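None of these values were measured; they are calculated from a predicted model. Just follow the structure's listing: the first ligand is 1, and inside any ligand the first atom is 1.
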Amino acid sequence: MALQLHFTPAQQRFRAEVRAWMSAHVPRVPLQTLESARGFAQHREWERTLAAGNWGMVTWPKEYGGRGANLIEWLIFEEEYYRANAPLRVNQNGLFLLGPTLMEFGTAAQKARFLPKMAAGEEIWAQAWSEPQAGSDLAALRATAVREAESYVLRGHKIWSSRAAFADWCFGIFRTEPRAERHRGLSFILVPLRHPGVTVRGIRQIHGEPGFAEIFFEDARVPVANRLGEEGEGWHIAMTTAGFERGLMLRSPARFQVAAQRLIALWRAHRAEADPALASHVAQAWMDARAYALNTYWTATRLMAGDSIGVEASLNKIFWSELDLHLHRAAMSLLGARAELRAAAADGVDSDGWLEGFMFALAGPIYAGTNEIQRNIIADRVLKLPRGA
Ligand SMILES: Cc1cc2nc3c(=O)[nH]c(=O)nc-3n(C[C@H](O)[C@H](O)[C@H](O)COP(=O)(O)OP(=O)(O)OC[C@H]3O[C@@H](n4cnc5c(N)ncnc54)[C@H](O)[C@@H]3O)c2cc1C
C-alpha cells in the first residue's frame with residue numbers, strides 16, 4: 001500500500017473538527033506539572049473533558065470509548081492536539097501501552113472492564129516492570145506471583161514507575177514459575193495500586209516532585225482474572241507492549257514538529273543568523289522532525305494494510321529520543337544562560353519550557369529501553385552481526 005502524501009476531504013473535515021474542539025476546550029492557563037498531586041488531579045480532569053468530547057482515544061472502537069478512527073486520523077488528531085498546546089496525557093501508559101496490548105491479548109471481559117474507564121480518564125495506569133536489579137536486563141526481574149486457588153499472591157519490589165505516585169492501577173510482570181528459564185515463567189498482571197499489600201512510595205526528582213515511584217508488593221492478592229494472556233506468556237506480551245512504546249504510540253511526530261516550529265521562532269527571535277553552525281542545527285532538527293513525521297505516516301499506512309511493527313521499533317526509538325535531544329540542545333545553545341530564567345523573570349519570557357523540556361529529553365535515551373540496548377537489538381536482529389565474546 002503506497003503512502004498518500006495528501007489528505008482526503010474526509011480527513012480534512014476530521015482535522016477541522018478536532019481543531020474546533022481543541023480551540024474551544026484546551027485550558028487557557030497551563031496546568032501544573034502532572035508530577036505534583038494538584039497537577040495530576042488537573043490532568044485527570046482534562047482527560048475527563050476529552051472523554052466527554054469523545055476524544056479519549058480516537059482509534060478505539062466506539063464501545064470502548066473511542067471513535068473507530070484509523071491510524072492516519074490518529075496522527076491528524078495528534079497534530080491538532082499538539083498544535084493547540086493541549087496538556088500532556090497523564091494516562092499515556094494506559095492509552096498508548098496497555099490499551100493496544102489489551103486489544104491484542106485481553107479477553108472480552110477484560111476489554112469491557114478496563115478500556116472504557118481508561119478512555120474516560122477514570123483509571124490512570126502506571127507501568128511496573130523495572131526493579132532495582134532489573135532494568136536493561138528486564139528478564140532478571142525477581143517479583144513473584146504465586147498461584148493460590150483463584151488468586152495470585154504478589155511479592156517483590158518495582159521501581160522507576162512513572163506517575164505511580166498518583167495513579168490507580170499498574171501493569172506488572174511477575175515470575176509465576178521461579179524455576180523456569182529467565183524469559184519464560186513470567187506473567188503479565190494488572191494490579192490496583194490502592195490495595196492491601198501494595199505500598200507506593202514516591203521518588204522525589206531534582207525538581208522536588210515525585211515523577212516516579214517505587215512499588216512494594218507484600219502478599220498482595222489479586223484474582224487470576226487480572227492476568228493478561230496465558231500464564232508464562234508475560235515476556236512475549238511485554239515485548240508487544242514495548243513495540244507499541246518504541247515503535248508508534250508513545251511519541252507521535254506532532255510533539256517534535258511543534259517543538260521544531262518553536263525552535264525556529266526562537267532562532268528568529270534571537271537573530272541568530274550570524275551563527276551558521278547554529279543555523280545548521282536548527283535546520284537539521286526541523287528536517288529530522290519532518291522526516292520522523294513522514295516515516296510515521298508510512299508506518300501507519302503499512303499497519304493499516306495488515307503489516308505489524310517488528311524490530312524497526314528499536315530504530316524508531318533511537319531516532320525520536322535523539323531528535324528530542326538535538327532539538328532541545330539547539331534551544332539551549334540559542335538561549336545560553338537565559339535558559340535558566342523562568343517565565344516570571346524579567347528577561348525570561350521566551351525561555352519558558354525549554355529547560356524543563358531539555359531535562360526531560362535527557363531521559364529519552366534511557367526510558368522505553370536504553371538506546372545502548374536498542375543498538376544491541378539492531379546489531380543482533382537487523383544487521384545479524386556476530387555476538388561479542
Ligand atoms: C524518565 C524515565 C521513566 C521511566 N519510567 C518507567 C516506568 O514507568 N516503568 C518502569 O518499569 N520503568 C521505568 N523507567 C526505568 C527504565 O526502563 C530503566 O531506567 C531502563 O530500562 C534502564 O535500566 P536501569 O536504569 O536499571 O539501568 P541499567 O540497566 O543498570 O543500565 C545502566 C547503563 O548500562 C547500559 N547497559 C546495560 N546493559 C547493557 C548491555 N548489555 N549493553 C550495552 N549497554 C548496557 C545501559 O544502556 C545504561 O546506559 C523509566 C526511566 C526513566 C529515565
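- Residue, atom and distance of the protein heavy atom nearest to atom 49 (O) of ligand 1 are Glu372 OE1, 3.5 Å.
- At the shortest separation from atom 41 (N) of ligand 1 among protein heavy atoms lies Asn376 ND2, 3.6 Å.
- In summary, the atoms of ligand 1 found under 4.0 Å from a heavy atom of Ile366, numbered by their order in the structure, are 19 (O), 20 (C), 53 (C).
- Looking at atom 25 (O) of ligand 1, its nearest protein heavy atom turns out to be Trp160 NE1, 4.3 Å.
- With a 4.0 Å cut-off on non-hydrogen atoms, Leu138 does not touch ligand 1 at all.
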Let me check something: any side-chain donor-acceptor pairs from residues 248-260 under 3.5 Å, sequence neighbours excluded? List them with distances.
residue, atom, partner, partner atom, Å
Arg251, NE, Tyr367, OH, 3.1
Arg251, NH2, Tyr367, OH, 2.9
Ser252, OG, Glu78, OE1, 2.6

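- Taking the ring centroids of Trp235 and Phe188, they lie at or beyond the 6.0 Å cut-off.
- Scanning the protein for heavy atoms near atom 15 (C) of ligand 1, the closest one is Ser130 OG, 3.3 Å.
- Aromatic ring centres of Phe105 and His236 lie closer together than 6.0 Å.
- For ligand 1, the atoms closer than 4.0 angstrom to any heavy atom of Ile373 are 38 (N), 39 (C), 40 (C), 41 (N).
- Less than 4.0 angstrom separates some heavy atom of Trp129 from each of these atoms of ligand 1: 11 (O).
- Side-chain polar atoms of Thr101 and Thr241 form a donor-acceptor pair below 3.5 angstrom.
- Looking at atom 24 (P) of ligand 1, its nearest protein heavy atom turns out to be Gly135 CA, 4.0 Å.
- Distance check on atom 29 (O) of ligand 1: some protein heavy atom falls below the 4.0 Å cut-off.
- For atom 52 (C) of ligand 1, the closest non-hydrogen atom on the protein side is Tyr367 CB, 3.5 Å.
- For Ser161, every heavy-atom contact with ligand 1 shorter than 4.0 Å involves the backbone, none the side chain.
- At the shortest separation from atom 32 (C) of ligand 1 among protein heavy atoms lies Ser136 OG, 4.9 Å.
- Protein heavy atoms are absent from the space less than 4.0 angstrom from atom 34 (O) of ligand 1.
- Under 4.0 Å is where a charged nitrogen must lie from a carboxylate oxygen, and between Arg155 and Glu218 no such pair does.
- Here's the thing with Asp137: none of its N/O atoms is less than 3.5 angstrom from an N/O atom of ligand 1.
- To the nearest 0.5 Å, the span separating CG on Leu228 from CD1 on Ile237 amounts to 5.0 Å.
- Looking at Arg381, Lys317, Arg302 one by one, the single match for side-chain hydrogen bond (donor to acceptor under 3.5 Å, both in side chains) with Glu312 turns out to be Arg302.
- Scanning the protein for heavy atoms near atom 4 (C) of ligand 1, the closest one is Ser162 OG, 3.5 Å.
- For Glu177 and Arg184, the salt-bridge test fails: no basic side-chain N is under 4.0 Å from an acidic carboxylate O.
- Partners of Trp160 by ring-ring contact (aromatic ring centres under 6.0 Å, His included), not counting sequence neighbours, listed by chain and number: Phe212.
- In this structure, CH2 on Trp298 lies 13.5 Å from CG on Leu5, to the nearest 0.5 angstrom.
- Residues Phe217 and Phe174 bring their aromatic ring centres within 6.0 Å.
- Less than 4.0 angstrom separates some heavy atom of Thr370 from each of these atoms of ligand 1: 22 (C), 46 (C), 47 (O).
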